[in-house]
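For reference, the structure is listed below as structure tokens.
What you see is a predicted model, and the numbers here were worked out from it, not measured in a lab.
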Amino acid sequence: MNPDHASSPSCPQCDEIPALLAGELAPAVAQQLQVHLESCPSCTQTAASLRFVIGKLQSTASPQASAEFSNRILATIQAPEIVRPSFFAFSRLHRWTAAAAACIIGLGVVGLWKHRPAVAPEVALEIPRVSPTDATDASLTKALDWFCRTQEPDGSWSPARWGGDQRFEVALTALPMVALLTAEAEITPERATAIAKAKQRLEAFRANNGAFGTRFSGASYNQAIGTLALLQAYKQQPDPAARGPLTNSLAVIISQQTNEGWWGASQAVQPNLAATLWQLETLQLAVDLGWEDFRPHLNRGHEWVNANSPARDLTLPARLPSQGVDFFDAYFATTKLRSAVDPASQQRLAAIRHSLLEQQISQGEDSGTWSPDGRWGQVGGRLYATAMASLALR
């Protein structure tokens, strides 16, 4: 999600800079963003600030996951040398810095859809195995109950109420709905009611042509995730009457795919890996549910991702730090790792789950949620963080 911040005149492409500095962008996209940097003062200042932070952290000894390293991160982002124009929100810099620090210590979880087999470490990771039926049950129960408590009377979840961007109301209503639908925990009457209300609200958001919400720079996320949620509802309870509207929504998705196979976050101006992955996630479920006509579009998208996504291995440190887990990476990584049977992949899956469990808030009014740190935290807020963490723990 790459919004145009209403509260700040900063360039929307600023949100891509952490991925650029971490080497996550496809070469063509990285080159385009480098050209953009030369003419955009906002992005130039953002890049300078993050380069300073990364340089400071890299100049220290190899960091271990500890409270001391977390304190070092905070001290670094408060350094007077960091460029902070008046419009540059400190909270955004804080979260970007956490993401940058995560990349430095090896938290780049996976090349997502371009899975590269990694050599098993010589020393086993000292992290207890966590299966979806152990501690995750209690964790998911708390998160799902929080969603039921915080749902709005009209069936939506309000991004603005939980620190997010209201323009993503479709996506941020769909994500909790997917978490409620796909959790292995029992669907209680309260959760069934929440799912039904959310489904009704999403259908109200959808136009006759299948499009969700209004057009803006992040509309493709609303389209993909809104359609994904209704497909999950169809999977749980197939309804022939739902196929036509779902087909229309899927047709909107493929109409925005380029001939090369990618999707963009803003009228397909340039490739966007995150936007592309969400569209492919939705198309994959559609094909699995019988929408075979969309398989060529799915295959073309996969081909583009495989050719352009940067390769990153699955190596994780022995202990994940309490800050910096990227919920987007965690979701897509665990989606892939759950189907792997080799010990190294299962160990890494346990490591991600263990870290997420440690970071869940256990007390107070936010009990059961995750703090909106990392990429897109300032866009999705607590709803995004909690939904993505819950989905990663399935």
Can you list the steps and then say if Ser156 with Asp154 is a side-chain hydrogen bond (donor to acceptor under 3.5 Å, both in side chains)? CA-CA 6 Å; Ser156 68; Asp154 67 0; 2.7 Å; yes
side-chain hydrogen bond (donor to acceptor under 3.5 Å, both in side chains) between Asp342 and Gln346: does it pass, once the steps are laid out? CA-CA 6 Å; Asp342 61 288; Gln346 287 301 305; over 6 Å; no
Quick check on the 6.0 Å ring-centre criterion: do [X] and [Y] meet it?
{"X": "Trp370", "Y": "Trp146", "answer": "no"}
{"X": "Phe168", "Y": "Phe216", "answer": "yes"}
{"X": "Phe327", "Y": "Tyr331", "answer": "no"}
{"X": "Tyr384", "Y": "Trp157", "answer": "no"}

Is there a donor-acceptor pair closer than 3.5 Å between any side-chain N or O of [X] and the backbone N or O of [Y]?
{"X": "Trp263", "Y": "Leu273", "result": "no"}
{"X": "Thr334", "Y": "Ala330", "result": "yes"}
{"X": "Ser39", "Y": "His36", "result": "yes"}
{"X": "Asp366", "Y": "Thr369", "result": "no"}

Other residues, nucleotides and ligands only: do more than 12 of their heavy atoms fall within 6.0 Å of CG on Asn208?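 Counting neighbours around CG of Asn208, 12 or fewer heavy atoms of other residues, nucleotides or ligands fall under 6.0 Å, so no.
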Any chance CD of Gln166 has more than 12 other-residue heavy atoms, nucleotides or ligands included, within less than 6.0 Å?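 Count over threshold, so yes.
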Nearest heavy-atom pair of [X] and [Y]: which atoms, and what distance?
{"X": "Gly368", "Y": "Lys142", "result": "CA-CB, 3.7 Å"}
{"X": "Ala229", "Y": "Leu181", "result": "O-CD1, 3.9 Å"}
{"X": "Leu250", "Y": "Leu283", "result": "CD2-CD2, 4.0 Å"}
{"X": "Arg353", "Y": "Arg394", "result": "NH2-O, 3.0 Å"}
{"X": "Thr386", "Y": "Ala143", "result": "CG2-CB, 4.0 Å"}
{"X": "Ala224", "Y": "Thr282", "result": "O-OG1, 2.9 Å"}

Pairs meeting criterion side-chain hydrogen bond (donor to acceptor under 3.5 Å, both in side chains) with involvement of residues 231-244, two or more places apart: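 Qualifying pairs: Tyr234-Arg243.
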Is it the case that the side chains of [Y] and [X] hold a donor-acceptor pair, with the cut-off being a distance below 3.5 Å and no angle test?
{"X": "Thr247", "Y": "Trp291", "value": "yes"}
{"X": "Glu303", "Y": "Asn299", "value": "no"}
{"X": "Glu260", "Y": "Thr258", "value": "yes"}

Same hydrophobic cluster for Leu277 and Val252, using side-chain heavy-atom links shorter than 4.5 Å among ILVMFWY?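 They do not share one cluster, since no chain of ILVMFWY contacts under 4.5 Å joins Leu277 to Val252.
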Do Ile254 and Trp278 belong to the same hydrophobic cluster, where Ile, Leu, Val, Met, Phe, Trp and Tyr are linked whenever their side-chain heavy atoms lie under 4.5 Å apart, directly or via other members?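 Yes, Ile254 connects to Trp278 through the hydrophobic network.
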Over-ring placement of Arg201 relative to Phe205, 6.0 Å and 45° cut-offs: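 Geometry flag: set, cation within 6.0 Å and 45°.
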Would you check, one step at a time, whether the test salt bridge (Lys or Arg N to Asp or Glu O under 4.0 Å) holds for Arg295 with Glu292? CA-CA 5 Å; Arg295 186 178 294 277; Glu292 279 294 328; 2.8 Å; yes
Between Gln279 and Tyr221, is the side-chain hydrogen bond (donor to acceptor under 3.5 Å, both in side chains) condition met? List the steps. CA-CA 8 Å; Gln279 316 305 317; Tyr221 293 100; over 6 Å; no
Glu152 with Lys197: basic N within carboxylate O range, under 4.0 Å: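 Looking at Glu152 and Lys197, the cut-off is not met.
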What's the separation between atom CZ in Arg215 and atom CG in Asn222, rounded to the nearest 0.5 Å?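 Those atoms lie 9.5 Å apart.
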